[in-house]
Amino acid sequence: MRSTPHQDPDAAAPNAAADAAETVATKATDAADTVAAKATDAANTVAAKATDAADAATQKLDDAVAQGKEWLQSFDIQQLLEQIPQPVRDLGAQVVERVRRLSPTQQIVGGAVLAFGVGLLATQSSRKDRHADAKAGKKYRAKYD
């Protein structure tokens, strides 16, 4: 009769648990490596797309600047001035001469008044709209509000 070595079930359990733990750890490490690689690839893709978008925007801006410079170089101020009627040019010259005769304080105050008037005119239409809306709201109120 042949004798077989006797395995103790209590001794086999720790080995199986250690093997299972090692397998789980290996799979977790592999999964973490895969996730890290995918995250790196995604980050590189986003960075490349952002760089491409920035390059495209820079190119468009450069084109716009070049077009603006070209337009300014082709712009002839003398030709534009010749299109203005003579009475308007004379009036402009008179206004400039009278402003030059004012003292610096008068020029500053006049400029401030002019800027205030332009600002008032610019905001006047929005004020009229708000005032008309307020009147309409009062005029068409429900009977039992």
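None of these values were measured; they are calculated from a predicted model. No hydrogens, no waters, no symmetry mates; every other heavy atom, side chains included, goes into these values.
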Would you say the side-chain atoms of Asp90 and Gln94 include a donor-acceptor pair closer than 3.5 Å?
no
Straight-line distance of Ile108 CD1 to Leu102 CG, nearest 0.5 Å:
11.5 Å
Heavy atoms of other groups near Gln67 CD, more than 12 under 6.0 Å:
no
Is there side-chain contact between Lys49 and Val46, with at least one heavy-atom pair below 4.5 Å?
no
Heavy-atom check, side chain of Asp55 versus side chain of Gln59, under 4.5 Å:
no
Rounded at 0.5 Å granularity, tell me how far CZ in Arg89 sits from CD in Gln83.
10.0 Å
